Each structure stands twice: as structure tokens, then as C-alpha cells.
Number of protein chains: 2
Amino acid sequence: MEPETPQSAGRVVTLRDVAKLAGVSIATASKALNNQPQVRAETRARVIRAAEQLSFSPNTLAQGLITQRSGTVGLLTSDLEGRFSIPILMGAEDAFGSDQTSVFLCDARGDTVREKHHLRALLSRRVDGLIVVGARPDARPSLGRELPVPVIYAYSPSDDPADLSLVTDNVGGGRLAVDHLIRHGRQRIAHITGDATYGAAQDRARGALERLAEEGLELAGEQVWFGSWSEAWGRGATRMVLQRTPDVDAIFAGSDEIARGVLDALHQEDLDVPGQVAVIGFDNWKVLAANARPPLSTVDMNLEQLGRLAAQRLFAAIDGKPKGGVETVGCRLVIRESSS
Amino acid sequence: MEPETPQSAGRVVTLRDVAKLAGVSIATASKALNNQPQVRAETRARVIRAAEQLSFSPNTLAQGLITQRSGTVGLLTSDLEGRFSIPILMGAEDAFGSDQTSVFLCDARGDTVREKHHLRALLSRRVDGLIVVGARPDARPSLGRELPVPVIYAYSPSDDPADLSLVTDNVGGGRLAVDHLIRHGRQRIAHITGDATYGAAQDRARGALERLAEEGLELAGEQVWFGSWSEAWGRGATRMVLQRTPDVDAIFAGSDEIARGVLDALHQEDLDVPGQVAVIGFDNWKVLAANARPPLSTVDMNLEQLGRLAAQRLFAAIDGKPKGGVETVGCRLVIRESSS
DNA sequence: CGGCCTGCCGAAAACGTTTTCGTGAACGTA
DNA sequence: TACGTTCACGAAAACGTTTTCGGCAGGCCG
């Protein structure tokens, strides 16, 4: 009759099993596997071999219980559906994945009570930290200063300046777009963008105007065209711009959706892009931008990098004193064919 | 001098603190909070009050250690970027959220070794179960039968029929689309779809052909137009279909991206949609479908429901014997204006 | 040979719960 | 009064680790 192994008994392998197989105590087994110095090389090897043989994997719950570190963080998003959360989430997950920390995903669906509920659950699970990623780039209410773990706000900054928030540099993004158009010889640049109540819309417009002013240029189309973040608005606004300034030679759109509408309207007017009018979007939403006709140049917010940065800052805050303030992440140009 | 509370000491509140404040033992405190019967009503009330006063939240790690249930599940996606994972993930998160289980999110980025790595980590964390959501609707390698926890495969079925997989009913989706077109009096229906190596493309086409055959109709455009999942292909294929069958009165596109291309090409030929040609897409990818001109009718795969179902099946499997096989989730029509 | 240091190892406490079991009190019954 | 039963409650074990500390060899020095 075979000697019964832990696995064959349907039990999950524990450190005790490894120790017994290696002929050492539990304490030594633990030290051997954790690279503690006070164990002979030969013994360590024996333990490791035993662990592999049993395919031992340590119970992180027990580890967390004693070390007071769960090795987990909470990712509290208020809107999974919104496409901006996802890249941030990917970046964060990526940055953590390389370490040995796992990520709890919670979607509050923009509901405050659901958020509270998730927060409670996460704290109960003794997460080592939290990343809160918002749905829109404007400030959101802080979770409070009395939390037992550090918190990083990503995309939506916290309304409490004592918290650490990571946000997109929308002003810089606006500058970048206009700078690119100017460098390609455009002089009569219009700006069509989304909802004026969005801070991001204001910031992008401001950046654009700043860069124009530096060059001594005025905005074409008489004004910044605020509206909604939709293709339909892009089409409509384009027609109005063309009416005011028929010789416009570039349009900076506040989002890729709007830019698609702009392209569509320009086609209808038989204007060549980028021959007669250059177009640049914002977001680098690939399915929209890359499939446009012609493929759309656009500004990328580097959201994945923002997510990775959030993870790094969270780590720093977990063992160190927490920092407050707002940190911005720069944008980058993605040049395709609509602006060459 | 104030009596020192646990919080003021910077310590996290434990059951011991609650018990002391309520003047009972730890055991009784535990029983009181867990609605065990063997505790006097008055005592229970006192304990609960103490717990609230200290805003006690039980350490789930300790709970999990002893109950052998961590109350967590792993969500192992192979491709977060792909838009199909997200709704499934939302559905699953939603279904779990109402219960007291939390979700670990892991993105393998389509990499097998990363997947193995995440799997190890999840098992180490003693998750109670796993949901594996794939990137494309074709079969993927099973994680194996020897896992200590139940696994549900969502979207991509496992290649091992002993596993339980949940997939979209693509055949039904194809039928649904064509049925809708027929009901609206269309007789010359063409089908333009994506990569022929995708099982989903084959299935949708099969469903469409079945439904046509039932009506005694033939496919317009001489063949099923397989190609790629892109707008460009939609444009190109539409031109070819028009060349073959100038009087086509409906086009069923295998995806919304393709449908956008179809619409674009029809506009260029000055054909009215839906007056002369009806168009229906697949996926209900809102930003594409709702913003199209005219807004695009399409087939929705009910992915959120699929995610919720996966969560339910996982629960059933956690305490019950695991079931195998493939279960399909039906599609539904989303009627907008392109097909009326 | 006695003392001291060094190198390895194991016993045991600790983390914060749940759960089993024992115990004392109160009560009813013979 | 003696005895069994029920009712609340507490002591202690258990979950699977990490870490502190003490002990036992063996080697070196005086």
C-alpha cells in the first residue's frame, strides 16, 4: 500500500507536509523557503525539493494574517463601462502583476452607496492600499482622511488637496495638438470640442489658445465650439465653422468621436483631408481613430502609464509617509494620416 | 486622562476589543455578530452596539483561514483590451458584488506563462473559484482537471468537454438578424462578415443561411463575404456585392465595425439607408452603432448576462458537484434606424 | 580542560477569527 | 433534597504561516 500523500487525501498541501517530507521542523522549512540566512545550504535545498515535489504553495491568508500585509490592493472604479477606466486599470494591474500583489476589482457604477459598500468590504479584506479611478476628469469627493490605508486617485482628482491625485495634463495635450498643426504649416486652426462643463474641455482649449497666442495666431471659426462629445456634434459644428471661415486649414477636435464627425462633414463638402484641411483628435481611441478615413492623428493621454504610475505611487505610500497634491501625466501625439 | 481606545492607538479594531467593551468573551462576541442562536438577546444587542461604536470590521483573512473559504474568486482574462471581456467582467462583478465575495482581476495579455503565473498566485490566495474569460469566441486550452477549485469558462469555451463553458449563441444571432430583415420585407439579403477562421463568423453565417433557407430565399451577393473585422473590409465588400447584385435590399454585417464600412460605402453610392438598403450589424458596440448615420440596428450578445450567469454557475459549482459541457446564451436584437 | 563564540535548528508564541466542548446557574421534577 | 435539563457563556483548540528565542553541537582560545 502506498504511503498517503497530502494531495491524494484531497487535502491541500501545507508547510507541515513539506517540513515532514524534508525531515525538518516547520520553522526551518519556512526559513528555507523565504531565503532566511540561518539555514544550511544543504537543508535549504532539501526543503525546496520537497516543496516542489508536493507543489506547495503557501497560504497567503495565513501569511497576511501574521505579517499584517495582505499583498492586495483595491481598484475602485466608478464606471467600468466608460472606456477611460480600462487602460488605467490595465496599467495598474500590469505594474502590480510584476510584484506579488493582487488586485481586487470593484465597480461602483457611479453610485455612492455602492462605493461605500465596496470600500467596507475592501477594508475588511485588509487591502494594503486603494486606487480610485473616476469616470470623468473632474474632481470627485474624497474618501476621507481617516482611512487606515493609503489611497491614490487616478484620472478624477480628489477634491481634498491632502490626497494624492494623478491626472492627465489636458492643457499640455491641447498645446501638443496645436503645436503639431502649426509645425505642418497650418495657420487657420479651429477647435471643436465637447461639453463645456468638463474641466478637460476647458483645459484642452486653454492649451490650444496658449500655443496659438505664442505664435501670434488667432483661433479660426470665431470661437471655441463647445457642445457634446458626439459624432453628431462634430458634424454640425464643422458646418458652422466652414460657414464662418471657409478657408479654415485645420481642425482640432476635443475627442476622437467628434473628430469622426468632423471628417464626415468635410467629406460631404468635398474637402480633402489632409490636403485642404488637417484634422487631429483626442483620446487615441483606436477603433475610431485607426479606422477613420483617413486614419486619424490624435492625442493619447497615456492612460496606461497613468495606471502604472498610480501603482508605483501607491507602493511608495504604503511604506513611507503619504504625499498629497496633484501630479499630472503628459500626453503624446499619435500621428496618422489626417494631419500630415 | 482619556481611556485609550484601539483606534486612537492607531491599531485596527479587533474582535477582542469589541468583546472587552461589551463585557463578554471573544467567543460570545463572535457568536453574537454571526447570529448564532446560543446567545441572549440582550447580550447580542450589547455586542452589536459595541461593534458599531468601534466601527469594527472583521478580518476576512482570519475568517478565511479557519472557514477554509476565502470569499474571493479569480477573474482570469486573456485580453482586457479586447472589448468583449469588459461587459462579461462587469456582469460577473455585479453578480458577486451582491454577495459577499470579492473579485481578483488578472489580465494575462494572451500570454500563457503569464496566465500560469496568475493562476499560481490565485491558488495561493485560496480563491474559491475561477472564471476564465477568453479573447475570441473560439476554444482555448483547458486549465486542467486537477485544480482544487471549480472553473467556469466564459466566451471562449474550454477545449475539454469536462469543463463547464458559457458561450454566445452565434447561430441564433445570425438567425435573429436575418429573421428581422425578412420580417421587414427584405428579399435580397447579403452577408458580409469577418475572418473565416473565427468560429463565430462561421456560426453567424450558418444561422443566417438556415433562416433564409426556411423562407426559400437565397443569399444575395453570390456568397458569404468573409474578410477581416474592419471598416475597410466592410467598404470593399459592399462595393463587390453591389457589383454582383445591384438590387440588394439588405446587408447583414458580421460586426458593427464592418457595418460602419457598409454604411459608408452605401452613402458613397448614394443609396438610402434604410430606404433602399437595410443594414444590421453585430455586437451592439454602442459608440459605433449609436453614432452611425443612421443609427445602426444590431445584434447584442448579452455579454453582461453571460458574465452574471458565469458567476451563478460558479457559485453552484463551489458547493455542489461540478458540471461539464457547453451552455449557450442567446442574443437579442437592438433595433435602431438602419433596418426599419 | 573549561569557557566562549558561532552556526543550525526546533519549540512556541503570535496573527484574528470560528467552533467545539465544558461548566455553572437556574429551573422543573420526583 | 437530589437529580436531570436547558440555557448562556467562556476556555481552548484550530486554521497555516512567520518570527523570536533558547539550546545543542562543534571549534577555537587560553
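These figures come from a predicted structure and were not determined experimentally. Any value given below was found using the heavy atoms of this structure, including those in side chains, with hydrogens, waters and symmetry copies removed.
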Backbone N or O of [Y] within a donor-acceptor pair of the [X] side chain at under 3.5 Å?
| X | Y | answer |
| --- | --- | --- |
| A/N59 | A/T14 | no |
| B/E327 | B/S165 | no |
| B/T60 | A/S124 | yes |

How many Å lie between [atom1] on [X] and [atom2] on [N], as a whole number?
| X | N | atom1 | atom2 | result |
| --- | --- | --- | --- | --- |
| A/N34 | D/dT19 | CG | P | 7 Å |
| B/Q68 | D/dA13 | CD | C1' | 14 Å |
| A/L65 | C/dA14 | CG | C1' | 9 Å |
| B/R16 | C/dT17 | CZ | P | 10 Å |
| B/Q63 | D/dA14 | CD | C1' | 15 Å |
| B/L61 | D/dA14 | CG | P | 22 Å |
| B/I66 | D/dT17 | CD1 | C1' | 15 Å |
| B/R126 | D/dG16 | CZ | C1' | 9 Å |

Return no unless some side-chain N or O of [X] is found under 4.0 Å from OP1 or OP2 of [N].
| X | N | answer |
| --- | --- | --- |
| B/T14 | C/dC15 | no |
| B/N59 | C/dC15 | no |
| B/S30 | C/dT18 | yes |
| A/Q36 | D/dT19 | yes |

Quiz item: What's the spacing between A/E93 CD and A/S102 OG if we round to 0.5 Å?
Solution: 8.5 Å
Quiz item: Which distance, rounded to the nearest 0.5 Å, do you find between the CZ of A/R83 and the CG of A/L303?
Solution: 10.0 Å
Quiz item: Can you list the residues that meet the side chain to side chain contact (heavy atoms under 4.5 Å, CB included) rule with A/V167, with sequence neighbours excluded?
Solution: A/P157, A/V326, A/T328
Quiz prompt | A/A316: side chain to side chain contact (heavy atoms under 4.5 Å, CB included) partners, not counting sequence neighbours | solution = none
Quiz item: Between the side chains of A/D163 and A/S142, does any donor sit under 3.5 Å from an acceptor?
Solution: yes
Quiz item: Taking C-beta and beyond as the side chain, do A/L33 and A/P58 meet within less than 4.5 Å on heavy atoms?
Solution: no
Self-check item: Inter- and intrachain pairs under side-chain hydrogen bond (donor to acceptor under 3.5 Å, both in side chains), touching residues 34-43 of chain B, at least two apart
Solution: B/E42-B/R46
Self-check item: Option passing side-chain contact (heavy atoms from CB on, under 4.5 Å) with B/Y153 (candidates B/L130, B/L143, B/D160, B/I131)
Solution: B/L143
Quiz item: Once each nucleotide of nucleotides 4-12 of chain C is scored for protein heavy atoms under 4.0 Å, what B/S/- sequence comes out, 5' to 3'?
Solution: ----SBBBB
Self-check item: Nucleic acid footprint by protein, nucleotides 23-28 of chain C - heavy-atom cut-off 4.0 Å, B for base, S for sugar-phosphate alone
Solution: ------
Practice problem: State, to 0.1 Å, how close B/R114 and B/A108 come at their nearest heavy-atom pair, and which atoms those are. | Solution: NE-O, 3.4 Å
Quiz item: In degrees, rounded to 10°, what is the bend between the two ends of the helix from C/dC1-D/dG30 to C/dA30-D/dT1, using five pairs at each?
Solution: 70°
